There are 2 protein chains.
Amino acid sequence: MTVTKGVFNSDHQRDYLKHILHLQQVSSPVATTALAEAMGVAPSSVTDMLKKLSRKGYINYRPYHGITLTGEGEKEAIKAVRRHRIVERFLTDMLGFEWHEAHEEALAFEHNISDEVERRMYVACNKPTVCPHGYPIPSSVEDTIVSGVPLYSLEPGQIARVVSVEDDEPDLLRFMDSLGIKPGVRIKVDGKDPFKGPMQAEIDSKKRTIGWHLANQVYVDKVS
Amino acid sequence: MTVTKGVFNSDHQRDYLKHILHLQQVSSPVATTALAEAMGVAPSSVTDMLKKLSRKGYINYRPYHGITLTGEGEKEAIKAVRRHRIVERFLTDMLGFEWHEAHEEALAFEHNISDEVERRMYVACNKPTVCPHGYPIPSSVEDTIVSGVPLYSLEPGQIARVVSVEDDEPDLLRFMDSLGIKPGVRIKVDGKDPFKGPMQAEIDSKKRTIGWHLANQVYVDKVS
DNA sequence: TACTGTATTTAGAAACATCTAAATATAATT
DNA sequence: AATTATATTTAGATGTTTCTAAATACAGTA
């Protein structure tokens, strides 16, 4: 007789759902390989897990044809995302971590806190609406939709304000930090090379050169 | 190739060491059955784990003759105890949990936080010296020694102050709470029955009856 | 000293996530 | 349409903790 924590036998299953939700917003259905890369495991491991998640009713799984979340799976995934972002806020707001550290620290223990601890962290941080990287703290599916456009889509002369920054690559986040790119910051595009070349921009009245990859991980709202 | 977190493959191993340290302070060497009961698993499961811990050098294990911690094992156990008590403090001080809730909530996620999160919790709580139940937050072995005497050892007429309260039975803790027994509280013994009967005491100028079991889980310093 | 009861360990099994290597299905190209 | 390349799944294995049931060791009593 093994003790089962809540609905899930394992915390990893929630992680899978979280990543499926994320990948699903880019392209659906989600491919095994894409999920394997996101989870940092071998594709065969993903296949095994997909069978389990499917059996439990969290995903629609057609072998060789990818997967989508069921209503139940989506609900669980959103709960996982919400929790992750609340824990990130707690780490930055209450323990003084930098925003680029928060993501990884949160991953380490977010699965193991109770709903009550999550609720209290949320309240103690004054019910924040976004995580340190600018993503909404969701209650439902609609809340998970990323607003804004990629920084790279702007043309020279345009001015924008940073809404959110992709949070899953700590090194990149640290680099963004050194460039002064954070939610809320104003960016003016000076120049842009065609064919995925770097772009030039003014951040906090300093001239910066920003690579294609990085500029596509920053979401902005156009100001003019 | 499995990813190993730090020194341990599993968080459970640290839990074993923590409980061995605790039991060792009552009687050494520690028996398999005692450890099994403390961990809430079958004795055979303990035997398996003892082999692993022994192979790794954390315990001295002589089959059929019990176990003791090695220097390395003691170091790890103390780290685990320290972390547990810091997390408890964090839960009561920063998230407003009751002291009888803190123990279980801490158990849920204490294994998964990084050393840095632990350090910051410690600092954010103003470097506390004791946990919510009155036990010291240890840096070395000496710090783990429980001071005071069991409440039950007092004689009628004596007055004492509560130092610490056994923390591993939430129901009992809740009951202590309802009696007003907490670290720092003053207790005056009014009467005491022989042969493990209940004792009468005055807590916060209210007359109380306290059972033998409970009175032995409360440690006090004699005032007069 | 032999017996008996308890403590402890072994044997055999389950459930979990993961891996590598091999087999198969699908998609793309010639 | 046949071939090739890629994506995906299956097969077989490892390592983790845990269990029950059976075997063994120890200790206390007759």
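Being a predicted model, the structure only gives us computed values, none of them experimental. Throughout, a chain's letter reflects where its sequence line sits, starting with A, and its residues are numbered from 1.
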| note | To the nearest angstrom, the CG-C1' distance between A/Leu35 and D/dT8 comes to 13 Å
| field | Sugar-phosphate or base contact per nucleotide [nucleotides 4-11 of chain C; S, B, -; heavy atom under 4.0 Å] | value | ---SSBB-
| request: Round to a whole Å and report the spacing from CG of A/Asp15 to P of C/dT18. | output: 9 Å
| message | At less than 4.0 Å, is any side-chain N or O atom of A/Lys52 found next to OP1 or OP2 of C/dA17? Yes or no. | response | yes
| task | Grab the CD1-C1' distance between A/Ile59 and D/dT8 for me, whole Å please. | result | 14 Å
| task | Would you mind checking if B/Arg82 and B/Glu118 are paired as a salt bridge, meaning a charged N to carboxylate O distance below 4.0 Å? | result | yes
| request: List the steps, then state whether ring pair (Phe, Tyr, Trp, His ring centres under 6.0 Å) holds for B/His84 with B/His103. | output: CA-CA 8 Å; B/His84 177 71; B/His103 178 70; 4.8 Å; yes
| remark: To the nearest angstrom, the NE2-P distance between B/His111 and D/dT16 comes to 17 Å
| To the nearest Å, how far apart are B/Leu53 CG and D/dT18 P? | 11 Å
| Where do A/Lys79 and A/Glu76 land on the side chain to side chain contact (heavy atoms under 4.5 Å, CB included) test, with the steps shown first? | CA-CA 5 Å; A/Lys79 266 161 69 176; A/Glu76 289 296 332; 3.6 Å; yes
| message | Between B/Ser45 and D/dC19, is there a contact of a side-chain N or O with OP1 or OP2 at under 4.0 Å? | response | yes
| query | If only side-chain N and O atoms of A/Gln13 are considered, is one of them under 4.0 Å from the OP1 or OP2 phosphate oxygen of C/dC16? | reply | no
| message | For a 4.5 angstrom cut-off between non-hydrogen side-chain atoms, does B/Leu69 reach B/Tyr58? | response | no
| task | Specify the separation, in whole Å, of atom NE2 of B/His12 and atom P of C/dC16. | result | 15 Å
| request: Report yes if the side chains of A/Leu35 and A/Leu50 come closer than 4.5 Å at any heavy-atom pair, otherwise no. | output: yes
| task | Using atom NE2 of B/His19 as one end and atom C1' of D/dT17 as the other, report the distance to the nearest whole Å. | result | 16 Å
| said: Donor-acceptor pair, distance only, cut-off 3.5 Å: does the side chain of B/His65 make one with the backbone of B/Pro63? | reply: yes
